[in-house]
Amino acid sequence: GISARAYASCNSGTGRGVNQFVLKTETRRQQVAQFLREEILVGHRKAGSPLREVELSKELGVSRGPIREAIRELEKEGLVEVRPYAGTTVARISLEDLVEVYQIRSALEKKAFELVWPKRDEAFRAEFTRRHEFLLEAIAEARGPAIVDAEQYFHSLPYELFRNGLVLNFWKQLAQRMRLCFLLHSEVFALSESYSEAHVGFLEAALGDDLSAMNAEIDTHLSKGEGLLRAAFNASESSET
């Protein structure tokens with residue numbers, strides 16, 4: 001699997017500003033899309049904030065064509081919303097959106113574990129344990145968004161071993177939506193000790209011998225995560241009224 005540092009880098013970026021935006025061998029569309037994706041996922045561009053082609057063209061020093069193409073790419077990923085006559089904005093994540101994501105993730109994660117179950121060797125056990133330790137360190141240090149990166153890094157292992165590019169890309173899109181939601185509701189980072197305990201149980205099931213117990217643990221684990229975010233949504237609504 002990829003390293004923790006590489007995973008965090010590709011999911012949260014390395015910084016912001018024009019000085020960090022350097023066109024490399026990729027197309028301008030790919031570079032603009034990656035830049036905006038990182039800006040959104042690290043929270044530099046907030047939900048509902050506008051993305052104007054003219055302003056981005058000046059900021060990044062590229063023509064409006066690649067920016068328009070990049071925005072279409074991010075729209076497909078669910079990171080931006082394009083509305084006729086209203087312009088483009090960073091996507092807002094509703095509770096309904098999140099529930100749908102968790103439902104899809106439940107089915108996807110069960111399938112991933114079903115397919116990798118016979119392939120779990122000592123290398124798998126060592127890697128999953130290492131990623132769990134990395135997650136516990138992030139939780140202990142209460143490093144905010146880094147916790148989300150570490151958790152997604154932990155959960156990505158069966159998808160990586162599945163070696164199906166379509167499924168892995170689908171997982172990454174779901175992970176992006178969840179990360180954006182966590183960033184929008186920072187209350188979720190006020191985590192209790194049960195959060196760490198929940199991942200201990202998940203690790204034990206993943207390293208165990210009972211696939212049905214693993215499926216049950218996935219349901220329990222995702223149910224707790226969904227409940228945590230429901231509470232964050234409710235807290236946000238209460239503070240706005």
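- Side chain of T129 to main chain of R125: a donor-acceptor pair is present (N/O by atom type, distance under 3.5 Å, no hydrogens or angles).
- Residues I71 and V80 are in side-chain contact: their nearest non-hydrogen atoms beyond the backbone lie under 4.5 Å apart.
- Note: L211 CG to R120 CZ = 8.0 Å, rounded to the nearest 0.5 Å.
- Of all heavy-atom pairs spanning A138 and A150, the tightest one is CB-CB, 4.0 Å.
- Side-chain contact, E109 with H221: no donor N or O sits under 3.5 Å from an acceptor N or O.
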Next item on the list: Evaluate side chain to side chain contact (heavy atoms under 4.5 Å, CB included) for Q31 paired with L60, printing each intermediate quantity in order.
Entry: CA-CA 10 Å; Q31 285 289 296; L60 304 180; over 6 Å; no
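- Smallest separation of non-hydrogen atoms from W117 and A205: CH2-O, 3.5 Å.
- A heavy-atom distance below 4.5 Å is found between the side chains of R105 and W171.
- Heavy-atom contacts from other residues, nucleotides or ligands closer than 6.0 Å to CD of E75 number more than 12.
- With salt bridges taken as basic N to acidic carboxylate O contacts below 4.0 Å, none links D97 and R92.
- L207 has its side chain within reach of F124: a pair of non-hydrogen atoms, C-beta onward, lies under 4.5 Å apart.
- Between R37 and Q34, the side chains place a donor N or O and an acceptor N or O closer than 3.5 Å (distance only, hydrogens not considered).
- You'll find the side chain of L108 reaches within 4.5 Å of the side chain of Y159, heavy atoms only.
- You'll find the side chain of R29 stays beyond 4.5 Å of the side chain of R68, heavy atoms only.
- Side-chain contact, S156 with R131: a donor N or O sits under 3.5 Å from an acceptor N or O.
- Separating the CD atom in Q173 from the CG atom in L168 is a distance of 10.5 Å, to the nearest 0.5 Å.
- Distance check: F202 CZ to E151 CD gives 9.0 Å after rounding to the nearest 0.5 Å.
- A salt bridge is absent between K76 and E73; no separation between the charged side-chain nitrogens and carboxylate oxygens falls under 4.0 Å.
- Between P66 and T27, every side-chain heavy-atom pair lies at or beyond the 4.5 Å cut-off.
- Electrostatic pairing of R130 and E133 does not count as a salt bridge here, judged by no charged N lying under 4.0 Å from a carboxylate O.
- Ring geometry for F128 versus F154: interplanar angle under 30°, hence parallel rather than tilted (30 to 60°).
- At most 12 heavy atoms of other shown residues, nucleotides or ligands fall within 6.0 angstrom of atom NZ in K111.
- Under a cut-off of 6.0 angstrom, the local environment of CZ in F170 is sparse, with at most 12 non-hydrogen atoms contributed by other residues, nucleotides or ligands.
- The CZ atom of R64 sits 11.0 Å away from atom CD of E55, with the distance rounded to the nearest 0.5 Å.
- When all heavy atoms of S57 and V62 are compared, the closest pair comes out as OG-O, 2.5 Å.
- K224 has no carboxylate O lying under 4.0 Å from a charged side-chain N of E226, or vice versa, which leaves the two without a salt bridge.
- Between atom CZ of residue F134 and atom CD1 of residue I139 there is a gap of 11.5 Å, rounded to the nearest 0.5 Å.
- With rounding to the nearest 0.5 angstrom, the CG atom of L36 is 5.5 Å from the CZ atom of R45.
- If you look at H132 and H155, their ring centroids are not closer than 6.0 Å.
- Contact annotation: the side chain of L157 approaches that of E127 to within less than 4.5 Å [non-hydrogen atoms, C-beta and beyond].
- With contacts defined as side-chain heavy-atom distances shorter than 4.5 Å, the pair Y153/L135 does not qualify.
- Counting only distance, with no hydrogens or angles, the side chain of S49 and the backbone of K46 share a donor-acceptor pair below 3.5 Å.
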